[in-house]
Each structure stands twice: as C-alpha cells, then as structure tokens.
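Below is one structure, written out as structure tokens, with a few remarks after it.
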Number of protein chains: 2
Amino acid sequence: MDRLDSIDIRILNLLQKDSSLGVKDVSAAIGLSVSPTYERINRLKRDGFIEKYVAIVNREKIGKHLLVLCTVTLKQQSMETLVIFEQTITNFKEVLEVLCLAGNHDYLLKIAVKDVNDYHSFVLNRLSQIPNISNLQSSFVLKEIKNETAMEIV
Amino acid sequence: MDRLDSIDIRILNLLQKDSSLGVKDVSAAIGLSVSPTYERINRLKRDGFIEKYVAIVNREKIGKHLLVLCTVTLKQQSMETLVIFEQTITNFKEVLEVLCLAGNHDYLLKIAVKDVNDYHSFVLNRLSQIPNISNLQSSFVLKEIKNETAMEIV
DNA sequence: TAATTAATCAGAAACAATTACTGATTTAAT
DNA sequence: ATTAAATCAGTAATTGTTTCTGATTAATTA
C-alpha cells in the first residue's frame, strides 16, 4: 500500500495526538465499524506510515532541566569523517536530535541534560572527544514554547 | 507522588521506546506481577511523568519532504510583542518546535512542509505576517540523522 | 451495459487484555 | 516489638482486541 485515503488520514491525525485511543474509540470518531478500523490501523503500522507508538514523558519531571542547541562544524567533510561523527553522536543518549544542515554549520544538535555542570562535562568528556571537530557553539534554551511530534496531514 | 524508584524508571524507559507493549509485557520485562505494574503505569500517567501516548508517523511517507530551521529576531522584546508572537507561532500547524534561545536570536523554529514552494508561501503568507519581526534566517535540513523522543532516565 | 472480480465493510464469536478487588507480605515508623 | 502504611500476587469481572464470515459496494472487463 502506498496511498492514503481520507479515512486513513483521519486515523493518523487522531493517533498522532493520542494513541491511547482504542480501536473502538477511533472507529467511533471516524464513523466506521470496529473491524475495518482495526484493519486500517494495522495496515498503517505494517506499511510504515506509523513508525512506532511511544510514551512522551515530561522532561522537567525526570530532571532534565537544561536543553541546549549546539552547532558543530567539522574540519573536513570527507565521507569517512562524516560517518564517524554521525555514528558516534547518534549513540550519545543525551543527544535527542541531530540535523545535517545546509549553510554555515555542518550539524545542529539538541541535547537534554540535568544542568549546566552536566552539560559542561558532556562537552568536555564526550562531544569534544570526537575527532575532526573544528567548532562548537552552544545556545541554552530559555523556554520550550512548543514541542510537537504530530504533523497535521491534509 | 514525586519521586521515582528504580522500577518506575525501568517502566518509563520501556514505554518511551515502545508504548504498544501491554501491561503484561512490561510486567514480564521488569519482573513484577501484572497488578502492581498496572498501578505504576497508571500512576506515572496520573502524576504527569507520562504526558501522553502518541503514534510517531514517518515524515517522508506523509509527504513532508522538507524540514527547515528558522531563526527569528524580533524588533523589540516587550512582553506584549513576545506573547503575540508565541501565541501566533504555536498555532501554525507547520511549526513543530518553537524554542526561545539565549544569545543572538530570539527564537528557533522547526518547520515541516511538502517542498520549497510550500515553505516559500508559508514564510510569505503566514510567518512574515506576524508583527514586529526584524529578521528571519532559514536553514534547510539536508538529512535528519537522529530524531528521538525518548530520554534515557538514570 | 451487464457480468465478473476485487475491495471494503458490518456483525458476531473467540480470544486476550485490562481493570478492580481481596488478602497477604513487606517496609517504615513509633 | 507493635502498629500503620505501602506494595505485592492472585483472581475474577469487565472490557477490548482479533479473527472470521457473509454481504455490500466499487472497480474492471467483455
């Protein structure tokens, strides 16, 4: 399967917002009976439209009080260097997001840690240990105004 | 409730990765019987450690092929101006993330759209219509190397 | 246009999970 | 040591999921 009809789209929009909805709830919301709804949800998962179901936890409540954005520039852009960097950075559990950017910098990282001390030791002992890093620029996040996993589908 | 014990932490680490695990699966994984596991999961939700359960959908498969980071600087930082901006930007469905930053720029946005054309009309018709914007700088994302909702709890 | 095929749906029945409850055990505090 | 509180395992009732069948609709071809 490859293309979504309007019912699929409504299902995805619902489950992106709240996947604790049961098949029954979804079927009621979209005006279809349980079994075809069940089949559609399964198909959406099987075909990779739904990657996974996850619980979103409150960052502050688990003690990750500091969010930092860090831009990274590498000394060289050889395939070898890029691969090493990407593999290493992906395995760092503090790093939530790694984006490869067009423009000035090579990468942007989003990092969640307990506090400034933790961030300092993260940069010192782990991030700056990766070879071929030419420049790091860290910006502290003062406030997380929006952080949404759901993308509205039209 | 306010503090997590080691069992709660293991539950959160599991459900952050995969919330399609049933109570039975979780209880088996942590070596507890079903009922206390059930109670703990409910408590974690009730007390706000778990904010919500969501389905993560594949961005490319739903046609959001372009991811853009956009830094925003405002002309002034009066409370009024900030509030207007934050409220307006939060309601834009294309905007997944809004961070208020310390440093050069005031805000960083993460925006998902279909293509460059869509981004252009988004900036023209919606983003730049917000009052008191002094500067916008857009960086296209070449590659999303990592994008993780789970934060490992220790 | 009519016949045929494929797809999608509703409903029911079997199955499995969740939820609530009870009593027992452990832990903490006096 | 005794009491009180918290946490646990097990069970039973409820509710939800999953599978299956037949019917209806939509699409395709002659």
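Predicted model, so just to flag it, every value in this text is computed and none were measured. Here is how names work: the chains are called A, B, and so on, in the same order as the sequence lines, proteins then strands, and each is numbered from 1.
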Is A:Leu109 close to A:Leu127 at the side-chain level, that is, under 4.5 Å between some pair of heavy atoms? yes

Whole-Å gap separating [atom2] ([N]) and [atom1] ([X]):
X       : N      : atom1 : atom2 : value
A:Leu32 : C:dA10 : CG    : C1'   : 9 Å
A:Arg3  : C:dA7  : CZ    : C1'   : 18 Å
A:Asp5  : C:dT8  : CG    : C1'   : 10 Å
A:Arg43 : C:dA7  : CZ    : P     : 12 Å
A:Tyr53 : D:dT17 : OH    : C1'   : 13 Å
B:Arg40 : D:dA9  : CZ    : C1'   : 14 Å

So does A:Arg59 pair up with A:Glu144, basic N to acidic O under 4.0 Å? yes

Donor-acceptor pairs under 3.5 Å, side chain of residues 23-32 of chain B to any protein atom, not counting sequence neighbours: which ones?
| residue | atom | partner | partner atom | Å |
| --- | --- | --- | --- | --- |
| B:Asp25 | OD2 | B:Gly22 | N | 2.7 |
| B:Ser27 | OG | B:Val23 | O | 3.4 |
| B:Ser27 | OG | B:Lys24 | O | 2.8 |

Among the nucleotides D:dA9, D:dC8, C:dC9, which one has an atom lying closest to any side-chain atom of A:Ser33?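 For A:Ser33, the side-chain atoms sit closest to C:dC9.
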
Between B:Glu80 and B:Ser78, is any side-chain donor less than 3.5 angstrom from a side-chain acceptor? no

Would a distance-only check, ignoring hydrogens and angles, find a side-chain to backbone donor-acceptor pair under 3.5 Å from A:Lys146 to B:Val95? yes

Can you give me the N/O atom pairs linking the protein to nucleotides 18-22 of chain C at distances under 3.5 Å, or say none if there are none?
| residue | atom | partner | partner atom | Å |
| --- | --- | --- | --- | --- |
| C:dT18 | OP1 | B:Val23 | N | 2.9 |
| C:dT18 | OP2 | B:Val23 | N | 3.3 |
| C:dT19 | O5' | B:Tyr38 | OH | 2.7 |
| C:dA20 | OP2 | B:Tyr38 | OH | 3.4 |

The criterion is ring-ring contact (aromatic ring centres under 6.0 Å, His included); which residues satisfy it with B:Phe85, sequence neighbours excluded? B:Tyr107

